[in-house]
**Q** 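Dropping a structure here in structure tokens format, bear with me for questions.
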Amino acid sequence: MKTNSISLPIPTRDGEFMAHYSEKGLAGLDFPKKGRNVGPAAGVIPIPKAVREWHRTTTRALKQVLSGVKPKDFPPFDWTEGTEFQQNVWKVMGKIAPGKTLSYGEIASAIGKPKASRAVGGACGANPIPVLVPCHRVLAANKKIGGFSGGMDWKHRLLEREGVSVAGN
DNA sequence: AGCCAGTCTCGGA
DNA sequence: TCCGAGACTGGCT
């Protein structure tokens with residue numbers, strides 16, 4: 001994340017997520033950490049009103065996704081750091097409805113590069129905003145979980161919560 | 001050049 | 001039918 005980004009915690013029943021905002025919108029989201037989170041120094045750094053509003057929307061959206069519900073509103077995403085290819089992948093993933101899954105190969109085909117399935121996997125791992133950009137709904141062609149940057153347990157839990165049964169890996 | 005969160009094929013349990 | 005190894009893949013670092 002950039003030095004000028006603002007980080008705010010999002011408490012959920014699954015732990016405390018951490019959202020990162022740039023001037024353009026939500027730039028990143030982290031899974032709950034083990035140790036203590038680094039304080040955002042909220043009292044020192046002034047939080048722009050726009051960010052406060054985004055954070056409100058982000059919080060609501062995140063909790064809905066965690067509940068297996070498709071959020072009706074999202075904050076603006078700032079993933080300008082990603083490459084053209086990655087952004088294409090993320091855009092496609094964003095369309096996957098809760099309870100549905102796609103394979104890496106299908107995503108690859110959707111962006112016109114049917115053989116880039118492996119690269120799609122790489123793009124998933126590079127996704128700065130997991131959960132809201134449902135990278136966890138992307139499975140291998142045989143419906144098995146490939147991997148997950150936030151931990152396989154998270155992927156498995158999120159999918160089961162949405163009613164998706166996955167094969168062991 | 002080397003790494004991968006994939007996918008397909010083929011051979012052996 | 002069900003793994004596991006191997007080959008091949010496209011894009012990122």
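The chains referred to below are lettered A, B, ... by the order of the sequence lines, with proteins before strands, and numbering in each begins at 1.
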**Q** Which residue is it: L62(A), V65(A), T59(A)? I am looking for the one with a side chain to side chain contact (heavy atoms under 4.5 Å, CB included) to T12(A).
**A**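 In the set L62(A), V65(A), T59(A), the residue that makes a side chain to side chain contact (heavy atoms under 4.5 Å, CB included) with T12(A) is L62(A).
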
**Q** Would you indicate what G105(A) reaches in the nucleic acid, counting non-hydrogen atoms under 4.0 angstrom: base, sugar-phosphate, or nothing?
**A**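 The answer is sugar-phosphate, as G105(A) gets under 4.0 Å only of primed atoms, P, OP1 or OP2.
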
**Q** Rounded to the nearest angstrom, tell me the gap between atom CG in L159(A) and atom C1' in dA5(B).
**A**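 Atom CG in L159(A) sits about 13 Å away from atom C1' in dA5(B).
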
**Q** Output yes when R161(A) and D14(A) qualify as a salt bridge under the 4.0 Å nitrogen-oxygen rule, no when they do not.
**A**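 Result for this pair is yes, salt bridge flagged.
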
**Q** Considering only heavy atoms from C-beta outward, does the side chain of E160(A) approach that of V164(A) to under 4.5 Å?
**A**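 No, too far: nothing below the 4.5 Å cut-off.
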
**Q** Kindly indicate, with the supporting measurements, whether the criterion ring pair (Phe, Tyr, Trp, His ring centres under 6.0 Å) is fulfilled by W154(A) and F148(A).
**A** CA-CA 8 Å; W154(A) 269 105; F148(A) 195 59; 8.2 Å; no

**Q** Write down the distance between CG (N142(A)) and P (dG6(B)), rounded to a whole number of angstrom.
**A**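 It works out to 10 Å between those atoms.
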
**Q** Tell me the interatomic distance from K143(A), atom NZ, to dT7(B), atom C1', rounded to whole angstroms.
**A**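 K143(A) atom NZ is separated from dT7(B) atom C1' by 14 Å.
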
**Q** When all nucleic acid strands are considered with a 4.0 Å heavy-atom cut-off, which category describes S103(A): base, sugar-phosphate, or nothing?
**A**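 Counting heavy atoms under 4.0 Å across all strands, the contact made by S103(A) is with sugar-phosphate only.
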
**Q** With the side chain of K115(A) defined as its heavy atoms from C-beta on, choose the nearest nucleotide among dA5(B), dC8(B), dT9(C).
**A**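 So the nucleotide nearest the side chain must be dT9(C).
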
**Q** May I ask you to test the T83(A)-N88(A) pair for a side-chain heavy-atom distance under 4.5 Å?
**A**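 No, too far: nothing below the 4.5 Å cut-off.
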
**Q** At what distance, to the nearest 0.5 angstrom, does CZ of F85(A) lie from NZ of K113(A)?
**A**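 Going from the CZ atom of F85(A) to the NZ atom of K113(A) covers 6.5 Å.
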
**Q** Calculate the interatomic distance between R118(A) atom CZ and dG6(C) atom C1'; express it in whole Å.
**A**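 The answer, rounded to whole Å, is 12 Å.
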
**Q** Check the interface with nucleotides 11-13 of chain C: list each N/O to N/O pair with the protein under 3.5 Å, or write none.
**A**
residue: dG11(C); atom: OP1; partner: K113(A); partner atom: NZ; Å: 2.8
residue: dC12(C); atom: OP1; partner: T83(A); partner atom: OG1; Å: 2.5

**Q** Quick check for you: to the nearest 0.5 Å, what is the distance between E53(A) atom CD and I47(A) atom CD1?
**A**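 If we round to the nearest 0.5 Å, E53(A):CD and I47(A):CD1 are 14.0 Å apart.
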
**Q** Stems in DNA chain B: runs of 3 or more consecutive Watson-Crick or G-U pairs, distances under 3.5 Å?
**A**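 Expected stems, ordered by start: B:1-4 with C:10-13, B:6-13 with C:1-8.
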
**Q** Tell me, do H20(A) and L29(A) make a side-chain contact under 4.5 Å, heavy atoms counted?
**A**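 No, their side chains stay 4.5 Å or more apart.
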
